[in-house]
S.K.: 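Attaching a single structure in structure tokens format; questions to follow.
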2 protein chains.
Amino acid sequence: MDFIFVMTSEAAKIFVDYLAGNGLSMTPQRKVIVETFLETKGHFSAEELLALVQKTVPEVGQATVYRTLKLLVDSGLAESHDFGCGVALYEHSYGHEHHDHLVCTRCQKKVEVVDESIEKRQEILARKNGYVLTNHRMMLFGLCPACQKLRDKEEAES
Amino acid sequence: MDFIFVMTSEAAKIFVDYLAGNGLSMTPQRKVIVETFLETKGHFSAEELLALVQKTVPEVGQATVYRTLKLLVDSGLAESHDFGCGVALYEHSYGHEHHDHLVCTRCQKKVEVVDESIEKRQEILARKNGYVLTNHRMMLFGLCPACQKLRDKEEAES
DNA sequence: AATAGGATGAAAATGGATTTCATTTTCGTC
DNA sequence: GACGAAAATGAAATCCATTTTCATCCTATT
């Protein structure tokens, strides 16, 4: 494969630096995976990313996608979340403020939420127990507006 | 098997009622699983519960433990949590106030935490986005006091 | 005690994620 | 440019918690 490694976005530079800093090398596979990752918005699974990558380079293997996704997480570009649907979903974390998620239990629609006072309280809770807080996971589950309407309609029919 | 089904605790009654209310029957296996569950404190996996159950009745199968654990969750006696360690951990939920967890990332020590103002804010966040909040998961990760000391000692040595 | 449907255990299946391993690439060095 | 050690890759195998299958057994009601 004859590739020219030009990755211009800031995020891409971070990844390249991460590789260099850890004695890892850029490869055509990593390049296409990272580029595809950076172009993809929202929350997606490793399998979905693999499918997108294979649209460009069909011979990329799933193991490589899983491996590169791990590098993306370690380099700080990606974050992995378990929304309880059985697969890990990934999202961008570079250039995105920290946030938690509000998830519709019916259609899976996800809204990013932040609340400074919750974050402060979490810190206090940890300290009160002598823990040094390193990170947290908060997920709110409920019915989104659209699904509330659908549910109401269904109930009216029955 | 000749069993006399006497389960006297309130929790046990709830389970029996749940079975009756759903056309399910009490069986020796369910009885020993529920009794063992009720005697066990803290957080434990299905496999750990299976081992405890088999101390009393070795021929109980793991599928039955998984199935009964599901009934326990549905009946409101148990709660299942994913602490990110690869297995679901269960804990009692009857007679236990709602709480979230503060987990040591090193020794897995878990502390139950509650914060009314966080709960209120979660409700507000959901409402602000038009969602009807049904439940939430919050997990705080950090280093517990003991593990902080261990880490400091290790760092001093190196 | 007959019977229908539920419950059980052993074993197989599931499925996302990881590992293995033979092969291919990368990249610093000659 | 060519060399060679170390890293990276893809296909397939493996892992492992959980679920499902299925033949058999039990329960509750008649």
Side-chain angles (χ1 to χ4, degrees), chain A residues 1-5 7 15-34 36 43-51 53-54 56-75 78 80-90, chain B residues 1-5 7 15-34 36 43-51 53-54 56-75 78 80-90:
Chain A
M1 284 197 232
D2 251 334
F3 266 81
I4 303 171
F5 293 126
M7 298 188 47
F15 187 69
V16 171
D17 287 352
Y18 173 82
L19 291 181
N22 288 77
L24 307 171
S25 25
M26 180 51 98
T27 65
Q29 289 89 340
R30 284 177 181 166
K31 183 169 186 283
V32 66
I33 292 168
V34 172
T36 307
H43 302 84
F44 44 87
S45 66
E47 197 181 359
E48 286 165 347
L49 183 60
L50 173 64
V53 165
Q54 289 184 333
T56 311
V57 186
E59 46 278 343
V60 172
Q62 60 149 276
T64 303
V65 168
Y66 274 103
R67 290 188 276 235
T68 305
L69 234 13
K70 199 168 285 174
L71 297 176
L72 283 165
V73 170
D74 290 345
S75 69
S80 163
H81 295 288
D82 171 17
F83 290 103
C85 59
V87 281
L89 297 186
Y90 296 84
Chain B
M1 283 194 236
D2 251 334
F3 267 80
I4 302 170
F5 294 126
M7 298 186 49
F15 187 69
V16 171
D17 288 352
Y18 173 81
L19 291 180
N22 288 79
L24 307 172
S25 27
M26 181 51 98
T27 65
Q29 290 89 338
R30 284 176 180 165
K31 181 167 187 286
V32 65
I33 292 168
V34 172
T36 307
H43 301 86
F44 43 87
S45 64
E47 197 180 359
E48 286 165 348
L49 184 60
L50 172 64
V53 166
Q54 290 185 333
T56 313
V57 185
E59 46 279 342
V60 172
Q62 59 150 247
T64 303
V65 168
Y66 275 102
R67 290 189 276 235
T68 305
L69 234 12
K70 200 168 287 172
L71 297 176
L72 283 165
V73 170
D74 290 345
S75 68
S80 163
H81 295 287
D82 171 18
F83 290 103
C85 59
V87 282
L89 297 186
Y90 296 83

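Chain letters run A, B, ... following the sequence lines, proteins first and then strands; every chain starts at 1.
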S.K.: Below 4.0 angstrom from OP1 or OP2 of C/dT18, is there any side-chain N or O of A/K70?
M.R.: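 Checking C/dT18 against A/K70, a side-chain N or O does come within under 4.0 Å of OP1 or OP2.
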S.K.: With nearest nucleotide decided by heavy atoms, which residue, B/S25 or B/G86, maps closer to the 5′ end of DNA chain D?
M.R.: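 Looking at the nearest nucleotide for each, B/G86 comes out on the 5' side.
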S.K.: Can you check whether any acceptor in the base of D/dG10 is under 3.5 Å from a donor in the side chain of A/R67, or vice versa?
M.R.: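 Present.
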S.K.: Select base, sugar-phosphate, or nothing to describe what B/Q62 touches, counting heavy atoms under 4.0 Å on all strands.
M.R.: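 Base, at least one base atom sits under 4.0 Å.
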S.K.: Phosphate oxygens OP1/OP2 of D/dC26: is one of them under 4.0 Å from a side-chain N or O of B/T27?
M.R.: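 B/T27 to D/dC26 OP1/OP2: no side-chain N or O under 4.0 Å.
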S.K.: C/dA17 phosphate, OP1 or OP2: any side-chain N/O from A/Y66 under 4.0 angstrom?
M.R.: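 Checking A/Y66 against C/dA17: at least one side-chain N or O falls below 4.0 Å of OP1 or OP2.
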S.K.: In whole Å, I'd like the distance from the CG atom of A/D82 to the C1' atom of C/dA17.
M.R.: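 So the two atoms are 13 Å apart, to the nearest Å.
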S.K.: Measure the distance from CG on A/L19 to P on C/dC27 and round it to the nearest whole Å.
M.R.: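 Rounding to the nearest Å, CG of A/L19 and P of C/dC27 are 10 Å apart.
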S.K.: Find the distance B/R30:CZ to C/dG9:P and express it as a whole number of Å.
M.R.: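 Nearest whole value for this atom pair: 11 Å.
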S.K.: Is there a side-chain contact between B/M26 and B/V16 in this structure, where contact means two heavy atoms from C-beta onward sitting under 4.5 Å apart?
M.R.: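 Heavy-atom side-chain distance check passes, below 4.5 Å.
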S.K.: Output the rounded distance in Å from CG (B/L50) to C1' (D/dA17).
M.R.: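 Those two atoms, CG and C1', are 13 Å apart.
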S.K.: Could you tell me whether the side chain of B/S75 and the main chain of B/L72 form a donor-acceptor pair under 3.5 Å?
M.R.: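 Yes, the answer is positive, given that a donor and an acceptor are paired below the 3.5 Å cut-off.
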S.K.: Looking only at side-chain N and O atoms, does B/Q29 come under 4.0 Å of OP1 or OP2 in C/dA7?
M.R.: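 Checking B/Q29 against C/dA7: no side-chain N or O falls below 4.0 Å of OP1 or OP2.
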S.K.: Rounding to a whole Å, what distance do you find between A/E47:CD and C/dA17:P?
M.R.: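 Roughly 9 Å, once rounded to whole Å.
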S.K.: More 5' along DNA chain C: B/G23 or B/T64, using each one's nearest nucleotide?
M.R.: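 Closest to the 5' end, via its nearest nucleotide, is B/G23.
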S.K.: What is the distance, rounded to the nearest whole Å, between atom CG of A/L69 and atom C1' of C/dT18?
M.R.: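 My rounded result for the distance is 13 Å.
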S.K.: What is the distance from atom CG of A/L69 to atom CG of A/D74, rounded to the nearest 0.5 Å?
M.R.: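 These two atoms lie 10.5 Å from each other.
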S.K.: Expressed as a whole number of angstroms, how long is the span from B/L71:CG to C/dA7:C1'?
M.R.: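 To the nearest whole Å, that distance equals 11 Å.
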S.K.: Could you tell me whether the side chain of A/I33 reaches within less than 4.5 Å of the side chain of A/F15, counting heavy atoms only?
M.R.: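 They are not in contact (no side-chain heavy atoms under 4.5 Å apart), so the answer is no.
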S.K.: Without decimals, in angstroms, what is the distance between B/I33 CD1 and C/dG9 P?
M.R.: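 It is 7 Å, rounded to the nearest whole Å.
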S.K.: Looking at the side chain of B/A88, which of D/dT18, C/dA17, D/dA12 is the nearest nucleotide?
M.R.: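 Of the candidates, D/dT18 comes closest.
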S.K.: The side chain of A/L24 is closest to which nucleotide in this list: D/dA12, D/dT18, D/dA7?
M.R.: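 Selected nucleotide (nearest to the side chain): D/dA7.
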S.K.: Between OG1 of A/T36 and CD of A/E48, what distance do you get to the nearest 0.5 Å?
M.R.: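 Here the rounded value is 13.5 Å.
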